[in-house]
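Structure, as structure tokens:
The figures that follow rest on heavy atoms only: side chains count, while hydrogens, waters and symmetry mates do not. Starting from 1, each residue takes its place in the sequence as its number.
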Amino acid sequence: MSEDQAPSADANTPKKKGLGGTAMRFASALPLIPLVIWLLFWAPKIGFQIFGFVWIAICADEMMRMALPGSVLGRLWGVAASLGLTAVAFYWPVPGALTVIALGLTLGALIVGLLEPEPIEAAATRIGWLFAGPIYVAGTLSCLARIHGFDHGGAWVFFAMVAAFLSDTGAYFAGRAFGKHKLYPKLSPKKTVEGSIGGLVAVGVGAVVIQKLMLPTLPLVDVIVLGVVAAALGQAGDLLESLLKRSTGVKDSGNIMPGHGGLLDRSDALMFTGATVWVYLTYLLPLRS
């Protein structure tokens, strides 16, 4: 995700570069907006599910390219395991599914690790990526397809998206205007505490708007708390991907979207906002009825 900036002390810093980057980001994302809106609210449910499978496959491939460069087998396993985990979680939601997922990921990671043992001193790290990578990608992003199956599912997915992207945008502008205290300089030197708070406030306001327009029967306090908690976890997800990228020595997970990097870069917060909404709908909302 893009990083909010504290005001720079360098008055000579050129401004056109930032504006050009913003324009490029907007232009590259613009074609996706009507497609996603149509899939959320008017297309058959299967349309959004297929879109989700494609998105997860690309994110899984980017993850494995980043973590295991040069390993074609590792990439193939990462994509296949992520799609398999998504299919089991979505189409087979029974108690035994968790056992099947755990066994499948363990056996698959071990087999791929044994087929590609070199360099042996890094084998434990590679096996860890092979096991945890699909959980990180598919275990979170698949929640979006699952919440789409709830009543008003399109509105709930839209809510998760707003919590991710409005937090990012609010943090950027609040950080530029008020940022003074670094949030986590080791991982993201430009992010500030003030920016983070601004992002949470922006999501709180956005949550109220969504409640009024799309989810009027839900308690307002639930919507606000859910939005702020989801946004906070989304910001943590953003920092987590920064940690993963720094550990693998890459700047972006991919280059599929000019100005944005890879799809994984655009999904790091959405993974956790979507998962938070799924937890609320699955376990907490029934208690409120």
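- Heavy atoms of other residues, nucleotides or ligands lying less than 6.0 angstrom from NZ of Lys212 number 12 at most.
- Side-chain heavy atoms closer than 4.5 Å link hydrophobic residues (I, L, V, M, F, W, Y) into clusters, and following such links, possibly through other members, connects Tyr283 to Val223.
- Put simply, the side chain of Thr273 does not reach to within 4.5 Å of the side chain of Phe159, judged on heavy atoms.
- Trp55 contributes atom CH2, which lies 9.5 Å from atom CZ of Phe48 (distance to the nearest 0.5 angstrom).
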**Prompt:** Between Gln235 and Tyr184, is a side-chain hydrogen bond (donor to acceptor under 3.5 Å, both in side chains) present by the stated rule, with each step listed?
**Reply:** CA-CA 11 Å; Gln235 291 182 8; Tyr184 206 139; over 6 Å; no
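- The side-chain hydrogen bond (donor to acceptor under 3.5 Å, both in side chains) search around Thr282 returns Trp278, not counting sequence neighbours.
- Thr169 places no side-chain N or O within 3.5 Å of a backbone atom of Leu166 that could act as its donor or acceptor partner.
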**Item:** Pair Trp156-Arg146, side-chain contact (heavy atoms from CB on, under 4.5 Å): steps then yes or no
**Value:** CA-CA 10 Å; Trp156 281 115; Arg146 298 174 75 179; over 6 Å; no
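- No side-chain donor-acceptor contact under 3.5 Å links Gln211 to the backbone of Pro219.
- Contact annotation: the side chain of Val203 never approaches that of Val228 to less than 4.5 Å [non-hydrogen atoms, C-beta and beyond].
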**Residue pair Ser71, Glu116: steps toward the side-chain contact (heavy atoms from CB on, under 4.5 Å) verdict** = CA-CA 8 Å; Ser71 175; Glu116 288 189 342; 2.5 Å; yes
**Asked** Could you walk me through whether Leu141 and Ser267 pass the side-chain contact (heavy atoms from CB on, under 4.5 Å) check?
**Response** CA-CA 8 Å; Leu141 284 177; Ser267 304; 4.2 Å; yes
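- Between the NZ atom of Lys191 and the OH atom of Tyr172 there is a distance of 11.5 Å, given to the nearest 0.5 Å.
- Distance check, rounded to the nearest 0.5 Å: CE of Met66 to NZ of Lys251 gives 13.5 Å.
- From Ile56, atom CD1 reaches atom CG of Leu264 across 11.5 Å, with rounding to the nearest 0.5 Å.
- Between Phe131 and Leu110, every side-chain heavy-atom pair lies at or beyond the 4.5 Å cut-off.
- Side-chain contact, Glu241 with Tyr136: no donor N or O sits under 3.5 Å from an acceptor N or O.
- Here the shortest heavy-atom pairing between Leu68 and Arg126 reads CD2-CG, 3.6 Å.
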Enumerate donor-acceptor pairs with a distance under 3.5 Å from any side-chain N or O in residues 74-89 to protein atoms, sequence neighbours excluded.
{"residue": "Arg75", "atom": "NE", "partner": "Asp61", "partner atom": "OD1", "Å": "3.0"}
{"residue": "Trp77", "atom": "NE1", "partner": "Leu130", "partner atom": "O", "Å": "3.0"}
{"residue": "Ser82", "atom": "OG", "partner": "Gly78", "partner atom": "O", "Å": "2.7"}
{"residue": "Thr86", "atom": "OG1", "partner": "Ser82", "partner atom": "O", "Å": "2.8"}

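- Within a 6.0 Å radius of CZ in Phe41, more than 12 heavy atoms belonging to other residues, nucleotides or ligands are found.
- Here the straight-line distance linking atom CG of Leu183 with atom CG of Leu239 works out to 6.0 Å at 0.5 Å rounding.
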**Prompt:** Can Leu285 and Leu218 be said to form a side-chain contact (heavy atoms from CB on, under 4.5 Å), step by step?
**Reply:** CA-CA 9 Å; Leu285 182 59; Leu218 288 172; 3.7 Å; yes
